[in-house]
Structures are given as structure tokens and as C-alpha cells.
Amino acid sequence: MDYNFREVEKRWQEAWKEQKVYHVEEDESKPKFYVLDMFPYPSGAGLHVGHPLGYIASDIYARFKRQKGFNVLHPMGYDAFGLPAEQYAIQTGQHPAITTRQNIARYREQLDKIGFSFDWDRQVITADPKYYKWTQWVFIQLFNSYYCNKCDKARPISELVESFAKQGTQGLDAACTKPLSFTADEWNAMSEKEQQTTLLNYRLAYIADTWVNWCPKLGTVLANDEVVNGVSERGGYPVERKLMKQWILRVSAYAERLLKGLETLEWSDSIKEIQRNWIGRSEGAFIRFKIENNENTLDIFTTRPDTIFGVSFMVMCPEHALIEQITTPEQKAEVDKYVYWARNRSETERQTDVKKVSGVFTGAYAINPFTNERIPIWIAEYVLAGYGTGGIMAVPAHDSRDYAFAKHFNLPIREVIGGGDISKEAFETKDGTCVNSGFITGMSVKEGGKAIIEKVKEMGIGYGTVNYRLRDAIFSRQRYWGEPFPIYYKDGVPYALPEDKLPLLLPEVDKYLPTETGEPPLARAASWKTEDGCPYECSTMPGFAGSSGYYLRYMDPHNDEEFVSQKKNQYWQQVDLYVGGSEHATGHLIYSRFWNKFLFDLGLVCKDEPYAKLINQGMIQGRTNFVYRIVNTNQFVSLNLKDQYEVTPIRVDVNIVHNDVLDIEAFKQWRPEFNHAEFILEDGKYVCGWEIEKMSKSKYNVQNPDDLVEKYGADTLRLYEMFLGPIELSKPWDTNGIEGVFRFMRKFWRLYFDANGNFRVMDDEPTRDEYKILHKTIKKVEDDNERFSFNTTVSAFMIAVNELSELKCAKRKILEPMVVLISAYAPHVAEELWHLLGHSDFVVDATFPQFEASYLVENEAKYPVSFNGKTRLQKVFPANMAPKEIEAAVLADPDVQKYLDGKTPKKVIIVPKKIINIVM
RNA sequence: GCCUUGGUGGUGGAAUUGGUAGACACGAGGGACUUAAAAUCCCUUGAUCAUUACGAUCGUGCGGGUUCAAGUCCCGCCCGAGGUACCA
């Protein structure tokens, strides 16, 4: 019987489905293991060979763990809300739900062909009302919570209301948009509307006017991580800054815990580092500067309080609220002009002009609290609204940005940290000594900073504090295809919908565009209001809403009463292994951790981190092939002859190139303009050039997994994707090697059949050599699986099969465990052989073979003999021979003596079973 | 600029704690079988020199160092990839 992968794969895929082989239930008798792949967005293009890389790796691990006795949860679903489906809907009028359904069907079909062990009964789809009911529910919990800094966790907003009624803001320490201060009487005297507005200052999901990344082309705002290099991540459209009322999640309240939590995670250093930078913790001081002839104060955050004696000007961001109040009449015209200009600049313009200095003087002066000096207050773009207080004290001598500004506007530069040379550039060290600095002169930077903090505290104008770069996440999108907010407005104030009204279904609209008045698409829905006539929120939630807590829903996907039951959450705990791309480092992987920590605070989940171990699979790059057309002709010249001509490289479809040799007939058919192409060949072939690029349709280098499955089978594809190299590394996809893996698959199959195609496995006792091959392989596979080194496991299989073929081994005691070993990688062929071996259960439930070290014990050890570290020859000695004896034997050996050349060695190093080194 | 990675044959890569560098594949060359092709099998394949049998020298981005021994550890560079970028 030949290796007929089409028949084998079809048979077992059907059997697995029918018998629900991969269905999993909670089972207290077994330890659990949770393996999760990052949620895919089902795009219209379908899967390319890069997508399954991570899925194959996690599938191998899931199957391996199951064979090692774990109860493995390995689910899959779809992150189905999102921009592409909606953009398509705008263009065609087709409802995004339809497109999404089609795309999901296509994904499913492609995934099914690869033979994954997903439990599809647990599938979740974010766009399904049964699912987004719980996204909305979590949002309501966020809305109804605030962050208590004292107990360092989220608490019900009702507790805050009670406390305000009793003691106002006295003793309050809560995360907030801006610090407020009022008494119980003042609170109690507030109207309902005023109270609700006040509470928004504390809620973990709140609405506020904020500067946002507005993308006019997409008609929506974007989160910081959705803007890349000043343009939208999806589509690459320009992004502007705009002041808008938006729903926001108070992620910043969790900054410290998000940072600390990283220490407990088994994630790569690079991802942890990216998150640390994104959170951006910095210690410093908050200091209030008086403003001359003005009631207000200019508040600043600085990490260098030690340099306060060197302040020579102050800078506010162009968005600063105080600008109008402090600008002098003489400066007003100029300030207005600058502020207008700066505020309306796009992100792209801002980023490209980073080096250009711009700014304007307000005419106002602040007072240095230590020197009582008048300090001019400027406005400049280099100070950002979103960080700290939006104002700084500028110390040009010791900050390069302030330095550039001072030089440009001719402001004084005063040295306050000794030891540097400030004539050319700022001296930014943190290990200097304070000079010209009043009472801190002579102190180190560290001591000086501490002393200033003490002093400002005493003076009541500041305190030491910590600032984070991490900002609150903007949570509204002015789009149709997302979760509706469970929010309605009464008297202009937002209220949460009662939980029993969930899910709030996405309404039908006539068009997926904003209204004529610029409102989001949901405003088109005729009855988008409560029974009492209160209007619902018109924006929808962003992509990360549905993906932030999805791993919890997999634990209990059909529960309509609870988000996840305590019992099931207790059983599955958290994701043990999470596999996905590193591009989610600053988006999903932060939001998801935030979401989980919040649910943890509420006592809904038992772990405060969602993903214990994370593996980032590398990208699969495309390998583009080129042909070379001689300029102004229709002649194409082969790679190694092209330098003799002036040529234009042209990308050619990789599917008509084999091992870099062009299929000339297929090329002529490929596009009409090549019908009559002529070729200059080398050795009778047309050889193409190649380059590594991103895999994309426009570069004609896309490899579709379906085609490869069709040609070689899923098992070969799975093995080959793993064989390509370490899972975390990015690597080019090159089908040249897949033939070798396919050959291996057939060779493996042939171990079980004789020349006439009859199953030939017999029950004879294996030889010691045969056992040795098996146990060497068991050990290698087990160790490599545990460290996610799947490429070396594939090599180990190849070696074992080569060796067993050599021995013509057909013994059940060897070949049966081999089936189990390989089954995680090539489940279909393993299943077929497993049943041919007489089993009626499924190979995924077989027990992973037990490694017996005794089979690997050697009586002899082969020693490489080296002279001064250079290996010259090999000698075999009994494994238990003492080093002393080996030394004597080796020195007496005639071959060795030839190299000794009559000299006496200075030293002989013998590492048992490893190496002999003779030092001369 | 800063942070994180990585650099090994023509190609993908292996070498897990410092112990025979190049496993396993691809590609290439040669051969067997075959009317032929496919499939399969065998040999060679890091470079240079030598080839009569033994071989010899060099070699893991570059320059140093530690060590009996370095792809692996340390110091200083060079190059690539990813992240981040006025974050006070």
C-alpha cells in the first residue's frame, strides 16, 4: 500500500469530528493544561502559510501534553468585529455580518484541512451577541468601579458615593482624571447631574473630552497602538489630533501592577522590555510654581528636582488650559497664532519635524520657589499634553531638548551639575554633583533631588511622585461593526443599562457611514433609544474589547448566567501556554492583562495574570522570485547572464518557479504581455533571482496552505513548517525543502509495509540496537517538545527512520511507540498506522512512551583525542575506565605517539565520556 | 539616539551545562535500477593545498582576552532585524 495521504487524512479528519475526539470537559482526576493561540481576525484573503506556524506548534504541544496525561484545553475562535469587513460593507452595501460569516467559513475550512486538535464546541465569535453580551457586561463592571490606591485594587463606585456623602473627598486616594476636592455638604448639595459628572472623574470606564488620534479617512478615532508612524495601522491613512468626547478605560490606574506583574511571567525578555518601555515608569517630583500677578499656579513634573536652581524658563504644551489666562495682551496675537498652528498639526507632520524647534513666549512669568527669580513662561510643541502635567521646568544645561530650545530662542543656560562642558551640548548625567544650587550645592544628584522633594513638601508646593507614560485607552470608535456600549443618556449624563437588558443588540442601519451631521453610523438606527426614550451611545467598542477576556470565555463558553463560573475558572485557572505574534506587545497583551487584573479585583477570576507563558512565533517572510527583462525588449535573460545586459527585474509568481528555475510555458501563459516572450537560457534553463520580502499578494510570493496540503498532505505541511527553524525566529518561506520532508514521510510509512505493500509489522523481540534507536528518540522528542524546539525533533525523527530503515526493523515494540512519538506532528498518518497496528482507540489518547535510560548505557566510550585543543584522532575505551588508566593507555598508543613526536606532554586532560586533550 | 535581538557552508538550520563545528534537510555533482520517465537506492559536497596510502592548513561578522579547550564566557567594534522615539 502506498502512502496515500489524501485518503488517510480525509478518513481521520472525519472520524475525529464524528467521534468528538478533541472535545474536552473539566476532569478533576487529571491535571489541566491550557494551550491557546492568539485570536485570529478572519480576513477575506484567508490563511497563508505564515498563519498556521503558531497553530501547528501549539497543536503539537497540546497533543504532547495530552499524551503525557494532562487534560488539555485547546480552543479556537474568531475576533470577528473589525474595520476590513466594515470598509467592505461601505463599498458594497453588503452587511459586514455576511462577509464575516463567509470569511469564518473559509478559515474553518482551511484550518480543518491541517488537522488541528481544537475543541470546536468551545468556539467563540466576538460578533456573536451571546459572546458580546459578556463584553458589554464587563464594560458595565468597569463603569461601576473606581480604583482605590490605598487597597490597590478596583472597588465598587457605590462605596465611593457613600464615602462622598459622609466625608467628601477627605482621605480619598483614588485614580482620577484630575484631583478634586469637596466636602460632604458640597457633594450632598450637588444635583444628580453634577454628582454623575463628578463620578466620571473616578470610574474605570469614563467619558471625557480628550485629545484623540482622529483618522478622517476611516471616520474614527484610534488608540495609540493603532497609530504607527503617524498613520493608521490599518490602511495607512493620515491621523490628526482632535478634541472629542470619548469613552476611555482608566488603564493607567493599573500601570504599577502591569509593570510588577511582568516579573512573574515566562515571556521573552524583548516583549517584557517593550511593555516596560510602553508603561514607562519614571520617578520624580510634582512641583507647583507661582505665576506672577496671577492666582493660578503652573504645575510641573520633573525627574530632575536636583536641577531646580538651573531653571531658566518654563514650557507649557499648546493644549494647556492656562494659556488664555496668563498670556499678556501684547503677546496674545502671537500666542494665538502659534497655538492654532500647533494644535492643528497632524501626527505625521509633528513626527517628521521632531528636530525643528518652535515655540512662543506668553509674556507671563513664573516664580522659582527657591530663588524667587522671575522665569519666562513659553509655549512649545515639544511639551506633550498627555504626559505629566503638560508643563515643565526647563533646565537647558542638563536636558538636550531644553538646550536646543534655549539656543534657538537665546535663553540663558545655567550650569547646576558640575563636571561637564555645556558649551556645545547639555550635560545629562545622573552621577554629578550639584553646583550653584543654594542649599543643595555639593550634594550628589540623588541627594539633591531628595532634599528638594523634602523641601517642597515642607513648603506645601509639591511632593515626590511617579509618572507613567502609559495612557488611558480610548475606547470609542465612530464605527458600525463593533460592540454597542450598554450605555444610555439621561439629561446628557451617561448611565449603564441594567444587566438583565443585555445583550444590547447592534441595530440595523441603512448605510454604514456617519450621518450628515457627522454622528457615528449607529445614529442612523431609527429607534436607537431605551423604552423610556433615552438615547443610546452611538459609538461602538474597539477591536481589543472582544479579545481582552476571550480566554476566560473558552473555559465556560455556553454559560448564559455568568461570564465564567467560579468552578470552571478554578479548574482551568489561566492560560499555561499562549502562542502568537509579538506585534501585540503594546496592544492586546497590555489590554488583556489590564482586563484580567480588573476581573481579578472583582473576585471573578482566580489568577491576576492571564498568560503564564508566552511564545512568540516569528514571521514567515516571503521569498520573491525575479526574472530579468532586457530593457526595451521582450527578451528575458537568466540570472547568471544578466550582468551582460541592461535589465529590469520583474517579480514573477513563485508558483511557476521550481527551485529557482522558471517554468517557461507557465510564464508565457501567466500574463498576456509575456505570450511572445523570448529567453536567453543558461545550461538550457531559465534561472530566477530571489529576494526575501514581506509575504504579500502584490509581490507574487504568497504560498497558500491549501495548495501545499493538496500536493503533499497536511502531515508533511505540519512537519515542514516546524522543520524550517526555531519557532520564535522569523524566516523566509521556501518550498524547496518541503520535498525532503515529503520523502521522509514516505520513508516512515514504508517501515510498516513490505515491497508488496502488505503491512509487515511483527511481534519479534527487538535487538538492543533497535531499542537504543527508539529510546534515544523518545528522550530527544520529549526534551525538545518541552523546550519548544520542534525543528530538532523533526530531525530526530528523520535520524531514527534512517537508522531503522537501515536495520530493516519491522518490530512492533519499536514501530508502535514510534507512531505515538510522531503523532503530535503527523496526526493523520499516525492515526492510520495506530489502527493498522490493531488499536480501536485514538492515538491522541495513547500514553507517551516511557524512556528507559538503561537502553542507552554504553560499554564503551568513543573519545576524541586532541592535541592542544585540536582533534586529531579517536580512541575507544571501556566506559567505566578510570581517567588515570585512560591516560596511560592513550599515551602508550602508537597513533598518539606519532603526534607526540617523542615529546612528553605537559598535561593530559580527561573528561570522562567526553574528551581527551593532550597539552604539549 | 535608546532598548531588545541576531550574525555558523551555495540555502534552511544543528551543536541543550565551555568538550569532535557544520547534525538533519535542501540544492549541486557523480553513479545504480529503467526502453524512458517518475519513484527509489548508493557515493561526493565548508574553503584552500595535496591526492600515492596517510593527509595538512584555515574556518562560526571583525579585533583582542580568559581557558588544557571558545560558535558558546569577558572587553571593544562592524552589520542586519524588531521595538520605541521630544514621555521632562
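Just so we're clear, the structure is a prediction, and the values are computed from it rather than from any experiment. What you see below is based on every heavy atom in this structure, not just the backbone, and it leaves out hydrogens, waters and symmetry mates.
- W278(A) has its CH2 atom 12 Å from the P atom of G83(B), to the nearest Å.
- Taking the C1' atom of each, A25(B) and U45(B) are spaced 14 Å apart, rounded to whole Å.
- Closest approach to the T302(A) side chain among A88(B), G13(B), C24(B) is made by A88(B) (side chain taken as heavy atoms from C-beta onward).
- At the phosphate of A25(B), neither OP1 nor OP2 sits under 4.0 Å from any side-chain N or O atom of R743(A).
- Counting non-hydrogen atoms under 4.0 angstrom, V794(A) reaches nothing in the nucleic acid.
- A14(B) and A23(B) are spaced 13 Å apart, taking the P atom of each and rounding to whole Å.
- Remark: R623(A) fails to qualify as a cation-pi partner of W733(A) under the 6.0 Å distance and 45° angle criteria applied to the six-membered ring.
- Residue K780(A) is classed as a base contact, given a heavy-atom separation below 4.0 Å to a base.
- Across all strands shown, R746(A) has heavy atoms under 4.0 Å from sugar-phosphate atoms exclusively, and none from any base.
- A donor-acceptor pair shorter than 3.5 Å cannot be found between the side chains of T465(A) and N467(A).
- Distance L724(A) CG to U11(B) P: 16 Å, rounded to the nearest Å.
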For salt bridge (Lys or Arg N to Asp or Glu O under 4.0 Å), just list the numbers for R304(A) and E428(A), CA-CA rounded to whole Å, side-chain angles, deciding distance to a tenth of an Å, and then say yes or no.
-> CA-CA 10 Å; R304(A) 296 293 302 273; E428(A) 294 188 295; over 6 Å; no

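- Looking at E858(A) and K772(A), a side-chain N of the basic residue comes within less than 4.0 Å of a carboxylate O on the acidic one, giving a salt bridge.
- The partner of C41(B) is G31(B), judged by Watson-Crick or G-U wobble contacts that both fall below 3.5 Å.
- Of the C1' atoms belonging to G13(B) and A50(B), the separation is 31 Å, rounded to the nearest Å.
- Base pairing analysis places C49(B) opposite G55(B); the two distances defining the Watson-Crick or G-U wobble pair are each below 3.5 Å.
- Spacing between atom CZ of F797(A) and atom P of C24(B) amounts to 16 Å, rounded to whole angstrom units.
- Residue order along RNA chain B, read from the 5' end via each residue's closest nucleotide, puts Q874(A) first among L384(A) and Q874(A).
- Comparing G71(B) with U60(B), their C1' atoms sit 5 Å apart, to the nearest whole Å.
- The P atoms of A56(B) and G82(B) are separated by 45 Å, rounded to the nearest whole Å.
- A close approach under 4.0 Å does not occur between any side-chain nitrogen or oxygen of R623(A) and OP1 or OP2 of U11(B).
- In this structure, U17(B) forms no base pair with any nucleotide, since neither Watson-Crick nor G-U wobble geometry is met with both distances under 3.5 Å.
- If you check U4(B), C24(B), G13(B) against the side chain of S795(A), the one that comes closest is C24(B).
- Remark: C1' of A88(B) and CZ of R304(A) are 11 Å apart, rounded to the nearest angstrom.
- G22(B): no Watson-Crick or G-U partner with both key distances under 3.5 Å is found in any strand.
- In this structure, CZ of F289(A) is placed 12 Å from C1' of A88(B), rounded to the nearest angstrom.
- Using modelled atom types and a 3.5 Å distance limit, the side chains of K747(A) and N802(A) yield a donor-acceptor pair.
- F797(A) has its ring centre no less than 6.0 Å from the ring centre of F748(A).
- With A23(B), A14(B), A88(B) as the candidates, the nucleotide lying closest to the side chain of Y387(A) is A88(B).
- With hydrogens and angles ignored, no donor-acceptor pair closer than 3.5 Å exists between the side chain of K914(A) and the base of U17(B).
- Look at the C1' atom in both C77(B) and U84(B): the space between them is 24 Å, to the nearest Å.
- Here F409(A) and F313(A) keep their ring centres 6.0 angstrom or further from each other.
- Using a 4.0 Å heavy-atom distance criterion, I909(A) is classed as a base contact.
- Between N802(A) and A25(B) there is a side-chain polar atom (N or O) within less than 4.0 angstrom of OP1 or OP2.
- For D784(A), taking side-chain heavy atoms from C-beta onward, the closest of the listed nucleotides U84(B), U16(B), U4(B) is U16(B).
- Between the P atom of A23(B) and the CZ atom of F744(A) lies a distance of 18 Å, rounded to the nearest Å.
- Applying the 4.0 Å criterion to OP1 and OP2 of C41(B), one finds that R750(A) has a side-chain N or O inside that range.
- Across the strands present, U67(B) finds no partner; the criterion is a Watson-Crick or G-U wobble pair with both atom distances under 3.5 angstrom.
- The gap from the C1' atom of G6(B) to that of U20(B) amounts to 26 Å, rounded to the nearest Å.
- Counted by atom type alone, S282(A) and Y387(A) present one or more donor-acceptor pairs between their side chains at under 3.5 Å.
- Residue I915(A) places its side chain closer to G19(B) than to any other of A25(B), G19(B), G13(B).
- Atom CD in E721(A) sits about 20 Å away from atom P in A25(B), given to the nearest Å.
- A 3.5 Å limit on both hydrogen-bonding distances identifies U84(B) as the Watson-Crick or G-U partner of G1(B).
- Using cut-offs of 30° and 60° on the angle between ring planes, the pair H588(A) and H584(A) is perpendicular.
- Counting non-hydrogen atoms under 4.0 angstrom, F723(A) reaches a base of the nucleic acid.
- With both pairing distances under 3.5 Å, G76(B) is matched to C62(B) as a Watson-Crick or G-U wobble pair.
- Counting only heavy atoms from C-beta on, R787(A) has its side chain closest to A15(B) among U20(B), A15(B), C24(B).
- Straight-line distance from the NZ atom of K731(A) to the C1' atom of A25(B): 15 Å, rounded to whole Å.
- Among C24(B), U84(B), C86(B), the nucleotide with an atom closest to any side-chain atom of I799(A) is C24(B).
- In G9(B) the O4'-C1'-N dihedral to the base is within 90° of 0, which defines a syn nucleotide.
- The E381(A) side chain lies nearest to C86(B) when the options are G13(B), A88(B), C86(B).
- At the phosphate of U57(B), OP1 or OP2 sits under 4.0 Å from a side-chain N or O atom of R872(A).
- Nearest-nucleotide mapping onto RNA chain B: of L729(A) and L470(A), the residue sitting toward the 5' end is L729(A).
- Under the 4.0 Å criterion applied to side-chain N and carboxylate O atoms, K875(A) and D893(A) are assigned as salt-bridge partners.
- Contact between the side-chain N/O atoms of N791(A) and the OP1/OP2 oxygens of A14(B) is found at a separation under 4.0 Å.
- Rounded to the nearest Å, the gap between the C1' atom of A21(B) and that of U8(B) is 8 Å.
- Between S282(A) and A88(B) there is a side-chain N or O to OP1 or OP2 distance below 4.0 Å.
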